[in-house]
A.B. asks: 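Pasting in a structure now, in structure tokens, and then I'll have a few things to ask.
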Amino acid sequence: MFRNQYDSDTTVWSPQGRLFQVEYAMEAVKQGSATVGLKSRDYAALIALCRTSKEAEDSPNSPLQRKIMPVDAHMGMSIAGLTADARIVCQHLRSECMSFRHSYDTDYPVQRLVTNLGIKLQATTQRYNRRPFGVGMLIAGYDEKGTHIFQVMPSANVFNCKAMAIGSRSQSARTYLERHLDSFMDSTKQDLICHGIQAIRGALGNQDSSEFTINVAIVGKDEPFKIFNETENQIYFEIAKTMGNPVTSDAEDARSIGGMIDMMDDMLEHGPSGSGSGPALDTDEESNAGLEPRPQ
Amino acid sequence: MSNLGFQQFPEYQVPGVQQADFSPYESNGGSIVAIAGDDFVVIAADTRLSSGYNIHSRDQSKLFKLSDQTVLGSTGCWADTLSLTGLLKVRMQGYEHTHLRTMATDAVAQMLSITMYNRRFFPYYVSNILAGIDKDGKGVVYSYDPIGHCERAFYRAGGTAGTLLQPVLDNQIGHKNINLSSSELPKLTIERAVAIASDTFISAAERDIYTGDSVLINIITKDGIEEKKLQLRLD
């Protein structure tokens, strides 16, 4: 696929009918760390795996390194790929939403906004002096028509999804999502987030988990778009851990939903118990050993 | 019709020619009082919206909550008020997206001043008073003229009854022209500030036809904004 005479410009077709520059831009998305988006009837959640860098000052929550960016009260997005390109797209979406709200005093319908975004991105695949944006986005929104998860790619393709994962090693996340797809629509908020965390843990694979943190964001009915803070992140992560290792075990089937909610209420009362000293439930010790999170 | 209309200048009238008399501005009346204390600020505005001798509404709040720590009171031309506050809301949201925090009161004050001066040659016909808690936790009041001149103060009255209310505040809050020694001067507590704001409005409603119906009082502290409502004369 790489290095041929048809890949120098985005305006050059290959004899097989491919635009190589656009395909190379899609590769940039695969370089970014994984992110997952999924929705139920009333909530849409975004979960992102953020790389932490011990040397750099910027934490994943600093505006320069964020993977999840709020767009408006009813919409937000998480990204995989070139952060700089993502910021430009995010600025554009924010300004469109603010302008719409100023003119009509209401939320910008999500479907319309992402369609217009797709049209704008397409222009970058057809001009000789421009390049496609090197970022894939999962846009989560809630409006009159309900919850939405849209996937937007550098190819300017926009997909309406029930659930999706993009970024590096996202295939295992997609497999998890596909396996549990039917349970999402009727899930509670807690279950939805836990499913999302379970999905993304598959994307960690065998890597050193101390390099990564998980960020969660939610939007939905009576719930403006919100990125969770450290405490909340920790609570959900602890609950998800008791669901067992997503790649190998079926432990999650054994846990009752009621038991998990009780445990979460317990944690909210007493605060997160810190890594290692979880509640007194059986956990799959071996498979969880390498997956201690470090809050950023 | 505007009372500064063409009819007032008979020497300019030419027989047989129809003169259009459109003024882009209209005064919709109303008054605002703001009093700042050590760790609080009280801002009060009446709720009458009028046009000439007619009343549009007896229950229209002139206080706009810009953030948990900042409230803007705006009277004058209501159309300009709505346009200006809409613009401020958009700018403040943009700030929150970039800086990941709410705008501080003094930043809002400066931004409002600049926004108004941008319309130097077609001003917002609005009398603004911004009240909030500054970054040191103290109450602060900023008052504006229609082209954005901003002045920081401890108390201020604005709007149609502004000239009636300001001397009362000067005497009661600023302790000007008062025959009491400094030890006898009453301390400015929230209760005293609310009482003085209420009393001044009751007096204003007596004499200013554009002020009346009811007063909405916002008490801003670091813990948030408390609302009170006081009924006034309906005439």
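Proteins come first, then strands; the chains are lettered A, B, ... in the order of their sequence lines, and each starts at number 1. Just so it is clear, the values below take in all heavy atoms, side chains as well, and ignore hydrogens, waters and symmetry mates.
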A.B. asks: Step through the shown structure and confirm whether more than 12 heavy atoms of other residues, nucleotides or ligands are within 6.0 Å of CG on B:Asp38.
C.D. replies: no
A.B. asks: Can you tell me how far apart CE (A:Met98) and NE2 (B:His97) are? Round to the nearest 0.5 Å.
C.D. replies: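 Output value for this atom pair is 7.0 Å.
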A.B. asks: With a 6.0 Å cut-off (strictly less than), is the heavy-atom count around NZ of B:Lys138, excluding the residue itself, greater than 12?
C.D. replies: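 Atom NZ in B:Lys138 is not packed in, count stays at 12 or less.
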A.B. asks: Within the supplied structure, the quantity of interest is the number of heavy atoms (other residues, nucleotides, ligands) at a distance under 6.0 Å from A:Asp105 CG; does it exceed 12?
C.D. replies: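 Not more than 12 within 6.0 Å, no.
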A.B. asks: For the atom pair CG (B:Leu100) and CZ (A:Arg66), what is the distance rounded to the nearest 0.5 Å?
C.D. replies: 5.0 Å
A.B. asks: Are more than 12 heavy atoms from other residues, nucleotides or ligands located less than 6.0 Å from atom CZ of B:Phe64?
C.D. replies: yes
A.B. asks: Taking the side chain as everything from C-beta on, heavy atoms only, tell me whether A:Arg101 gets closer than 4.5 Å to B:Val90.
C.D. replies: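 They are not in side-chain contact.
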